[in-house]
Number of protein chains: 2
Amino acid sequence: MDDKNISQAVISRLPRYLRYLGELKDSNVERISSQELSQLMNVTASQIRQDFNNFGGFGQQGYGYKVNFLYDEIAKILGINKTHHLIIVGAGNLGQALANYMNFERRGFHFTGIFDRNEALYGKKIRDMYVQPMENLETFVKDNDIDIAVLTIPKDGAVKVADKLVRCGVKAFWNFAHVDLNVPDDIVVENVHLSDSLMKLTYNITRKEQENDI
Amino acid sequence: MDDKNISQAVISRLPRYLRYLGELKDSNVERISSQELSQLMNVTASQIRQDFNNFGGFGQQGYGYKVNFLYDEIAKILGINKTHHLIIVGAGNLGQALANYMNFERRGFHFTGIFDRNEALYGKKIRDMYVQPMENLETFVKDNDIDIAVLTIPKDGAVKVADKLVRCGVKAFWNFAHVDLNVPDDIVVENVHLSDSLMKLTYNITRKEQENDI
DNA sequence: TCTTGATTGACAAGTATTTAACAAATGCAT
DNA sequence: ATGCATTTGTTAAATACTTGTCAATCAAGA
């Protein structure tokens with residue numbers, strides 16, 4: 001597996017490949033050509049081959065790709081063959097929803113702690129965790145080998161909390177707060193800005209309406 | 001406002017501009033140059049000007065951009081100057097979390113109904129709505145001028161429900177189900193695949209680790 | 001009113017991404 | 001075994017996106 005720098009465009013497509021390959025695996029399909037996969041996924045075969053080749057050849061000429069092998073390789077590339085330990089900061093509706101979503105757990109994402117500044121929530125049981133006060137953050141992170149912090153707090157607090165967590169050694173943020181974190185270069189941030197997503201949706205609604213009016 | 005086809009790359013950046021402009025507005029900043037904004041947002045000034053010019057010139061040479069005007073124009077482009085009526089299909093944790101998130105409401109997104117197939121939830125009050133059985137979907141959508149359906153159901157049901165909703169006249173989906181909807185051309189879909197996002201995160205964690213090992 | 005400095009809009013140059021095309025490699029039928 | 005059909009990996013072409021540059025324009029001060 002070469003490691004030049006692969007564009008984020010390619011990376012963004014990998015989870016989708018993984019999903020389709022998972023389904024094929026479940027249907028006991030053993031092999032698939034880029035042509036077939038392209039029809040299934042509604043992309044060009046060329047793009048599929050190009051994407052896979054970023055990581056070295058996974059296929060065989062005249063044969064195609066072995067579904068199982070390809071699936072495992074992509075999973076490895078995405079880093080989901082390992083176990084990750086997460087904490088959730090912000091035990092509001094969204095934080096609780098994520099905590100309860102079992103599919104993450106299945107993929108090796110272990111939610112190990114959940115925190116909130118609202119006293120009323122302290123001790124509340126969410127799945128198998130009890131909501132802890134923010135004061136516990138530092139110790140907990142250090143003691144529990146936490147990879148990823150999920151930020152589901154309002155934007156006002158987010159930047160400060162992120163700074164604090166960086167100092168505690170957290171290497172990655174899954175950021176649902178509607179603000180840009182400002183973290184050092186070696187820290188990974190993946191933003192999920194839901195309202196941005198919703199605005200893209202309304203843009204496209206308006207555009208389609210205009211198209212149809214013409 | 002010209003209407004060639006603007007790339008989704010540009011559209012994806014608009015909500016972020018809007019956010020920063022909103023903050024400037026709140027701080028009573030009246031004017032800003034692409035230069036200043038670029039420093040604030042950590043992008044190139046050229047990109048900012050290019051982006052805005054897709055929609056016709058919003059600025060003035062020698063002066064810059066009027067924050068208020070620019071904000072309003074972008075809001076208009078994004079279609080958030082209008083009111084939208086949404087239903088949530090799937091009253092699980094995520095559906096409830098979205099229903100309770102007040103910021104959407106402020107932006108003109110009105111959640112008007114919430115549905116689930118789980119009888120145990122029927123009648124449960126979520127914000128100012130009561131969970132309804134799926135059987136009510138069709139009538140409700142037709143009677144309430146629904147724009148957008150939010151799908152927060154497991155993937156198995158999603159495709160079928162989407163088909164049904166298309167037949168009822170829903171024009172847009174905000175899709176949290178981990179599956180690709182297959183809808184006609186004139187229907188808008190915005191996917192929020194949370195697990196994909198999480199995988200991108202772990203990819204980048206692994207990559208950074210490797211970089212640092214070298 | 002004129003001049004100066006600032007700043008956009010437009011265009012050109014530079015990158016990056018996507019698609020097409022095809023030779024080389026392989027499986028499979030005969 | 002042999003040859004044909006298939007399908008990859010790779011290179012080239014096409015397209016899309018981003019950045020740099022600068023003339024035209026405007027605000028503001030003299």
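Owing to the predicted nature of the structure, the values given are computational and were not obtained by experimental measurement. A, B, ... follow the sequence lines: proteins, then strands. Residue 1 opens every chain.
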Within the sub-3.5 Å range, which N or O atoms of nucleotides 21-24 of chain C have a protein N or O partner, and how far apart are they?
{"unit_1": "dA21(C)", "atom_1": "N6", "unit_2": "R49(A)", "atom_2": "NH2", "d": "3.2"}

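- Using a 4.0 Å cutoff on non-hydrogen atoms, the parts of residues 14-36 of chain A near DNA chain D are S33(A), S34(A), ordered by number.
- Following rounding to the nearest Å, Q39(B) (CD) and dT7(C) (C1') show an atom-to-atom distance of 14 Å.
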For residues 148-158 of chain A, tabulate all N or O donor-acceptor pairs below 3.5 Å that involve a side-chain atom, not counting sequence neighbours.
{"unit_1": "T152(A)", "atom_1": "OG1", "unit_2": "V89(A)", "atom_2": "O", "d": "3.2"}
{"unit_1": "T152(A)", "atom_1": "OG1", "unit_2": "G90(A)", "atom_2": "O", "d": "2.7"}

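- Every residue two or more places apart in sequence or in another chain that forms a side-chain hydrogen bond (donor to acceptor under 3.5 Å, both in side chains) with Q39(B) is listed here: Q35(B).
- Looking at D51(A) and R13(A), a side-chain N of the basic residue comes within less than 4.0 Å of a carboxylate O on the acidic one, giving a salt bridge.
- To the nearest angstrom, C1' of dA16(C) lies 13 Å from CD of Q47(B).
- The salt bridge (Lys or Arg N to Asp or Glu O under 4.0 Å) check on E105(A) picks up R127(A), with sequence neighbours excluded.
- The side-chain hydrogen bond (donor to acceptor under 3.5 Å, both in side chains) test applied to R117(B) returns no partner, not counting sequence neighbours.
- One atom, CD1 of I11(A), and another, P of dT17(C), lie 11 Å apart when rounded to the nearest Å.
- Legend: residues meeting side-chain hydrogen bond (donor to acceptor under 3.5 Å, both in side chains) with R19(A), ordered by chain and number and at least two apart, are H178(B), D180(B).
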- prompt: Going through the distances and angles, do I126(A) and F111(A) end up as a side-chain contact (heavy atoms from CB on, under 4.5 Å)?
  reply: CA-CA 11 Å; I126(A) 294 168; F111(A) 293 104; over 6 Å; no
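- Here the range on DNA chain D touched by chain B, meaning any atom under 4.0 Å from one of its heavy atoms, is dC17(D) to dA28(D).
- Between the C1' atom of dT8(C) and the CG atom of L70(B) lies a distance of 13 Å, rounded to the nearest Å.
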Using residues 160-172 of chain B as the side-chain source, report each donor-acceptor pair under 3.5 Å to any protein atom, sequence neighbours left out, with the distance given to one decimal.
none

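- In this structure, I48(A) places its CD1 atom 15 Å from C1' of dA20(C), rounding to the nearest Å.
- With sequence neighbours excluded, the residues forming a side-chain hydrogen bond (donor to acceptor under 3.5 Å, both in side chains) with N103(B) are Y101(B), R106(B), listed by chain and number.
- Sorted by first and then second residue, the ring-ring contact (aromatic ring centres under 6.0 Å, His included) pairs with a member in residues 6-39 of chain B read Y17(B)-F52(B); sequence neighbours excluded.
- Spacing between atom CG of N5(A) and atom P of dT15(C) amounts to 14 Å, rounded to whole angstrom units.
- Spacing between atom CZ of F58(B) and atom P of dG9(C) amounts to 9 Å, rounded to whole angstrom units.
- The phosphate of dT17(C) (OP1 or OP2) has a side-chain N or O of S7(A) nearer than 4.0 angstrom.
- The residue among Q60(B) and Q8(A) whose nearest nucleotide of DNA chain C is located toward the 5' end is Q60(B).
- For G57(A) and Q50(B), each mapped to the nucleotide of DNA chain D holding its nearest heavy atom, the one lying further toward the 5' end belongs to G57(A).
- Backbone-only engagement by Y65(A) is indicated by non-hydrogen atom pairs under 4.0 Å involving sugar-phosphate atoms exclusively.
- Scanning for salt bridge (Lys or Arg N to Asp or Glu O under 4.0 Å) contacts around E36(A) gives an empty result, with sequence neighbours left out.
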